[in-house]
Number of protein chains: 2
Amino acid sequence: MLKLSKKVEYGLIAMRHIAAAQSVSSAKEISDRYAISHDLVAKVLQKLAKAGLIVSQQGMNGGYTLARRAADISITNVIDAIEGAASAGIVQCLTADDGICSIYDNCTIKNPLGKIQHNLHQVFNTMKVSEIV
Amino acid sequence: MLKLSKKVEYGLIAMRHIAAAQSVSSAKEISDRYAISHDLVAKVLQKLAKAGLIVSQQGMNGGYTLARRAADISITNVIDAIEGAASAGIVQCLTADDGICSIYDNCTIKNPLGKIQHNLHQVFNTMKVSEIV
DNA sequence: GGAACTCGGACTAAAACGGTCCTATTTATG
DNA sequence: CATAAATAGGACCGTTTTAGTCCGAGTTCC
């Protein structure tokens with residue numbers, strides 16, 4: 001509960017590695033360096049690339065580089081890229097666009113939870129990849 | 001990911017209810033009022049009682065009342081009571097006392113994660129039950 | 001004694017998580 | 001041109017967590 005998933009954890013490690021690297025970084029390079037599953041980190045990198053946080057270079061000697069400055073990439077960006085922006089809610093009624101909530105209008109804690117969520121997001125938004133290098 | 005569990009959600013609803021109530025509140029009263037599983041909310045209440053956040057009154061017309069002022073109970077208190085204090089970490093290497101971490105000294109993001117975790121805890125520590133009533 | 005409670009263990013279905021495997025495509029290099 | 005090293009991505013799987021049920025037992029009021 002309230003734990004970061006391994007994917008996000010690997011994503012952050014990878015982002016830091018790429019940000020600190022001089023040239024392109026391959027999935028193998030990262031998986032070796034941190035003793036992480038290659039396939040898994042590769043998938044995470046693909047998601048980060050698809051989200052536009054890093055750019056891929058295919059083929060031999062390929063790999064990834066940052067798509068923009070590390071100071072312009074927040075932890076929220078990384079989390080959203082990997083988990084999907086829909087995971088942004090602390091409870092489902094704050095997450096879903098449809099606003100489905102079984103407790104419905106009986107729910108007395110929706111507003112305070114919204115405030116908490118806002119504060120949490122602030123934490124992740126404020127911290128940039130540049131700060132973890 | 002980063003979602004509150006249903007138990008915690010129910011726990012917060014229950015705490016709010018009890019804090020706002022004039023007399024004792026039973027599990028049935030709460031489960032009826034918010035259309036929640038009775039057994040589940042009953043278990044949550046037991047945990048809250050065991051953690052000393054609320055006091056139980058057994059037998060007929062029994063139920064629960066706050067053990068101390070709502071302003072003196074933080075969201076962290078509620079979460080810890082329900083999930084166990086061991087769940088306090090954002091990643092396992094920050095959670096476990098043994099400090100086990102597969103990435104071990106290769107882990108480059110431990111310190112920044114620690115900072116993030118500290119900020120998150122601050123959010124939950126600052127918010128009190130009295131603020132959700 | 002019975003009704004309405006709390007207490008708490010055992011159990012289960014479903015979903016999420018962490019991870020593997022396999023195949024296709026792209027690209028530098030000998 | 002063949003091959004090796006990469007990315008790209010779908011399919012699958014075992015384990016753990018989650019959310020919830022069920023049941024038996026103890027308590028207290030009427």
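Letters go in sequence order (proteins before strands), and every chain restarts at 1.
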**Q** OP1 or OP2 of C/dA4 less than 4.0 angstrom from a side-chain nitrogen or oxygen of B/S26, does that happen here?
**A**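 B/S26 to C/dA4 OP1/OP2: no side-chain N or O under 4.0 Å.
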**Q** What is the separation between atom CD1 on A/I82 and atom P on D/dG9, rounded to the nearest whole Å?
**A**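 The distance from CD1 of A/I82 to P of D/dG9 comes to 15 Å, rounded to the nearest Å.
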**Q** For a quick test of reading the model, state the closest non-hydrogen atom pair linking A/V129 to A/A19 and the distance between them.
**A**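 Where A/V129 meets A/A19 most closely, the heavy atoms are CG1-CB, 4.1 Å.
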**Q** Measure the distance from CD on B/E29 to C1' on C/dA4 and round it to the nearest whole Å.
**A**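 That distance rounds to 13 Å.
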**Q** Send over the distance from B/M60 CE to C/dA4 P, rounded to a whole Å.
**A**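 Those two atoms, CE and P, are 6 Å apart.
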**Q** Starting at CD1 of B/I54 and ending at C1' of C/dC7, how long is that distance when rounded to a whole Å?
**A**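 For the pair B/I54 CD1 and C/dC7 C1', the rounded distance is 13 Å.
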**Q** Just verifying a value: how many Å separate A/L4 CG and A/E9 CD, rounded to the nearest 0.5 Å?
**A**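 Going from CG on A/L4 over to CD on A/E9, the span is 7.0 Å.
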**Q** Taking the side chain of A/Y64 as its heavy atoms from C-beta onward, which of D/dT7, C/dG8, D/dA6 lies nearest to it?
**A**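 Of all the options, the side chain of A/Y64 is nearest to D/dT7.
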**Q** Return the value, rounded to whole Å, for the distance between atom CD1 of A/I36 and atom C1' of C/dT20.
**A**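 Value for this atom pair: 16 Å.
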**Q** What string of B, S and - do you get for nucleotides 15-26 of chain D, 5' to 3', when a contact is any protein heavy atom under 4.0 Å?
**A** ---SSBBB----
**Q** Taking only residues two or more places apart in sequence, or in another chain, which ones meet A/H17 in a ring-ring contact (aromatic ring centres under 6.0 Å, His included)?
**A**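 By the ring-ring contact (aromatic ring centres under 6.0 Å, His included) rule, A/H17 matches A/Y34.
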**Q** Write down the distance between CG (A/N61) and C1' (D/dT3), rounded to a whole number of angstrom.
**A**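 Roughly 14 Å, once rounded to whole Å.
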**Q** Can you measure B/L2 atom CG to C/dC17 atom C1' for me and round it to whole angstrom units?
**A**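 So the two atoms are 14 Å apart, to the nearest Å.
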**Q** Could you pull out the closest heavy-atom pair between B/V55 and B/L66, with the gap in Å?
**A**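 Looking at all heavy atoms of both residues, the shortest contact is CG2-O, 4.2 Å.
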**Q** Examine the side chains of B/Q57 and B/T65 and answer whether a donor and an acceptor come within less than 3.5 Å of each other.
**A**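 Looking only at side-chain atoms, B/T65 and B/Q57 do not form any donor-acceptor pair under 3.5 Å.
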**Q** For the NE2 atom on B/H118, are there more than 12 heavy atoms of other groups (residues, nucleotides or ligands in this structure) within a distance under 6.0 Å?
**A**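 Open: at most 12 neighbouring heavy atoms sit under 6.0 Å from NE2 of B/H118.
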**Q** Which part of the nucleic acid, if any, lies within contact of B/A27, taking any heavy atom under 4.0 Å across all strands shown: a base, the sugar-phosphate backbone alone, or nothing?
**A**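 The answer is sugar-phosphate, as B/A27 gets under 4.0 Å only of primed atoms, P, OP1 or OP2.
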**Q** A/Q57 has an atom CD; how far is it from atom P of C/dT29, in whole Å?
**A**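 Between P of C/dT29 and CD of A/Q57: 11 Å.
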**Q** How far apart are the closest heavy atoms of A/M15 and A/I54, and which atoms are they?
**A**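 Smallest interatomic distance, heavy atoms only, reads SD-CG2, 3.8 Å.
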